[in-house]
Amino acid sequence: MDVDTRLLRYFAAVAEEGSLTRAAQRLYVSQPALTKQIRRLESALGTALFTRSRDGMALTEPGRALAARVPGLLAGWETALRETRAAGSRADRVLRVGFLASAANEATQPIIAEFARRRPDWRAEMRQASWSNPSAGLAGSDVDVALVRLPFPGQEALRVVELFSEPRCVVLPEAHPLAGRETIDFRELLDEPFVAAPPETGPWRAYWLAADERDGHPVRVGAVTAQPDDWLTAIANGYGVALAPESASRFYTRPGVVHRPVTGVGPSRVGVAWDPADDADPVVRDFVRCCRLVCART
């Protein structure tokens with residue numbers, strides 16, 4: 001019988017948390033969706049894995065048997081997946097570089113050029129990820145190294161080196177009453193609808209909604225998008241405003257949309273990230289050195 005590894009991850013989270021609510025928050029999924037997946041796993045196995053009560057989710061005897069094995073199964077699968085993909089990249093002499101939106105801004109091309117100088121027999125293959133994947137593919141072993149925006153879910157399990165920071169700005173429809181201002185205080189935006197990243201991105205979504213700067217003021221979400229083009233379209237159509245890196249005014253422009261400096265929120269930070277298992281990989285290390293060298297010059 002084949003079982004999706006995602007179901008095992010969901011099971012492990014519920015088993016560890018003892019609560020559907022806490023597990024759903026940890027996984028950045030809705031509680032009904034998580035409940036559905038647990039039932040799907042129980043149906044596939046033909047047995048109940050949890051006893052449900054007001055106090056939470058208690059493992060049954062079959063559930064305890066599965067819980068004892070799942071961490072090792074998942075760890076082994078992740079290792080096999082990462083090593084297989086890495087071996088394929090090494091054979092082709094390709095370094096898979098994940099990135100989001102504008103990557104490392106104007107430093108991106110110099111980084112790739114410096115890597116080509118250091119490793120003339122290798123090629124850096126750039127792979128753009130959607131905002132629903134804030135680790136830019138690194139968490140799923142789809143890439144070897146990634147240029148990311150901090151913070152993002154799961155970064156505590158990875159190696160991350162911050163490269164630079166830049167102020168955030170606010171992106172508004174051209175017809176918005178505040179669009180004519182030179183600078184906007186974030187407090188003036190608290191009641192505005194925002195164009196947000198998907199809910200499953202957790203702290204990534206919260207950061208770009210400036211949740212920490214709201215002092216408990218609730219967020220109004222006018223639209224949810226996962227790609228820059230959809231994001232710009234939603235703003236231009238008046239569904240909401242959004243925070244963005246200052247560089248968005250150079251890389252992401254569109255008629256009907258304006259970018260304005262915003263005060264009262266912290267900067268956006270760009271970093272390079274990789275899996276700790278690749279600490280000794282000389283090619284990954286060279287790419288990280290290139291990132292640090294180029295960004296130190298700019």
Side-chain angles (χ1 to χ4, degrees), residues 5-6 9-10 12-14 17 20-34 36-37 78 97-104 127-143 145-160 162 165-166 168-171 186 189 192-214 217-235 239-245 247-248 251-252 265-275:
T5 55
R6 182 182 60 171
R9 294 184 190 284
Y10 286 0
V14 177
E17 297 292 342
L20 280 168
T21 301
R22 291 195 298 271
Q25 292 170 345
R26 169 175 154 184
L27 294 164
Y28 309 116
V29 298
S30 69
Q31 186 171 324
L34 180 57
K36 181 178 179 180
Q37 296 305 318
E78 284 297 329
V97 182
F99 72 99
L100 297 167
S102 58
R127 298 187 178 186
Q128 186 171 19
S130 74
W131 291 337
S132 60
N133 185 3
S135 74
L138 197 57
S141 300
D142 296 319
V143 298
V145 65
L147 295 167
V148 292
R149 291 275 171 175
L150 311 176
F152 63 90
Q155 74 176 68
E156 64 280 352
L158 301 169
R159 301 282 192 248
V160 180
E162 185 174 335
S165 65
E166 59 177 315
R168 281 188 279 179
C169 68
V170 59
V171 190
F186 181 69
L189 302 170
E192 294 287 334
F194 270 66
V195 179
E200 61 268 23
T201 59
W204 166 268
R205 171 184 168 110
Y207 180 79
W208 290 105
L209 292 173
D212 288 345
E213 286 89 349
R214 290 178 175 270
H217 198 94
V219 178
R220 290 179 59 201
V221 175
V224 175
T225 61
Q227 299 288 351
D229 283 346
D230 296 339
W231 176 75
L232 283 171
T233 298
I235 296 171
Y239 293 127
V241 304
L243 294 175
S247 56
F251 289 94
Y252 292 100
V265 295
S268 171
R269 298 174 292 140
V270 173
V272 58
W274 69 97
D275 193 293

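Note that these values count all heavy atoms, side chains included, but never hydrogens, waters or copies made by symmetry. Along the sequence shown, residues are numbered consecutively beginning with 1. Since the model is a prediction, treat every value here as computed from it, not as a measurement.
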For Thr21, check side-chain hydrogen bond (donor to acceptor under 3.5 Å, both in side chains) against everything at least two apart and list the hits.
-> Gln31

Salt bridge (Lys or Arg N to Asp or Glu O under 4.0 Å) involving Arg214 - partner list, sequence neighbours excluded | none

For the student: nearest non-hydrogen atoms of Ala101 and Phe99, plus distance | O-CE1, 3.4 Å

Listed by chain and number, what are the side-chain hydrogen bond (donor to acceptor under 3.5 Å, both in side chains) partners of Arg22, not counting sequence neighbours?
-> none

Validation: residues 205-213 side-chain donor-acceptor distances under 3.5 Å, sequence neighbours left out:
{"unit_1": "Arg205", "atom_1": "NH1", "unit_2": "Ala197", "atom_2": "O", "d": "2.6"}
{"unit_1": "Tyr207", "atom_1": "OH", "unit_2": "Pro267", "atom_2": "O", "d": "2.2"}
{"unit_1": "Glu213", "atom_1": "OE2", "unit_2": "Gly266", "atom_2": "N", "d": "3.4"}

For Arg220, enumerate each residue passing the side-chain contact (heavy atoms from CB on, under 4.5 Å) test, keeping only those at least two apart in sequence or located in another chain.
-> Pro193

Minimum heavy-atom distance between Ala104 and Val270, given as atom pair plus value | CA-CG1, 4.2 Å

Arg159 meets the side-chain contact (heavy atoms from CB on, under 4.5 Å) criterion, sequence neighbours left out, with Trp274, Pro276, Asp279

What's the shortest heavy-atom distance between Ala136 and Leu100, and which atoms?
-> CB-CG, 4.2 Å

Contacts of Glu166 that satisfy side-chain contact (heavy atoms from CB on, under 4.5 Å) - sequence neighbours left out | Asn105, Arg149, Phe164, Pro245, Glu246, Ser247, Ser268

For Leu150 and Gly271, work out which heavy atoms get closest and say how close.
-> CG-N, 4.4 Å

Check step by step if side-chain contact (heavy atoms from CB on, under 4.5 Å) holds for Thr201 and Trp131.
-> CA-CA 8 Å; Thr201 59; Trp131 291 337; 5.8 Å; no

Taking all non-hydrogen atoms of both residues into account, name the closest pair between Ser165 and Arg269 and its distance.
-> CB-CG, 3.9 Å

For Glu17, check side-chain hydrogen bond (donor to acceptor under 3.5 Å, both in side chains) against everything at least two apart and list the hits.
-> Arg26

Which residues pass the side-chain hydrogen bond (donor to acceptor under 3.5 Å, both in side chains) test with Glu192, sequence neighbours left out?
-> His176

What's the spacing between Gln128 CD and Gln227 CD if we round to 0.5 Å?
-> 6.5 Å

What pair of heavy atoms forms the shortest contact from Ser132 to Ala226, and how long is it?
-> N-CB, 4.2 Å

Report the C-alpha separation of Val143 and Val97 in whole Å, then their side-chain angles, then the decisive distance to 0.1 Å, and conclude whether the side-chain contact (heavy atoms from CB on, under 4.5 Å) test is met.
-> CA-CA 6 Å; Val143 298; Val97 182; over 6 Å; no

side-chain contact (heavy atoms from CB on, under 4.5 Å) between Phe152 and Leu138: does it pass, once the steps are laid out?
-> CA-CA 11 Å; Phe152 63 90; Leu138 197 57; 5.7 Å; no

Kindly write out the residues that satisfy side-chain contact (heavy atoms from CB on, under 4.5 Å) with Ala234, not counting sequence neighbours, or none if the list is empty.
-> Val195, Ala223, Thr225, Tyr239

Rounded to the nearest 0.5 Å, the CZ atom of Phe186 sits from the NE2 atom of His217 at a distance of 9.0 Å

Can you find a heavy atom in the side chain of Pro199 that is under 4.5 Å from one in the side chain of Ser30?
-> no

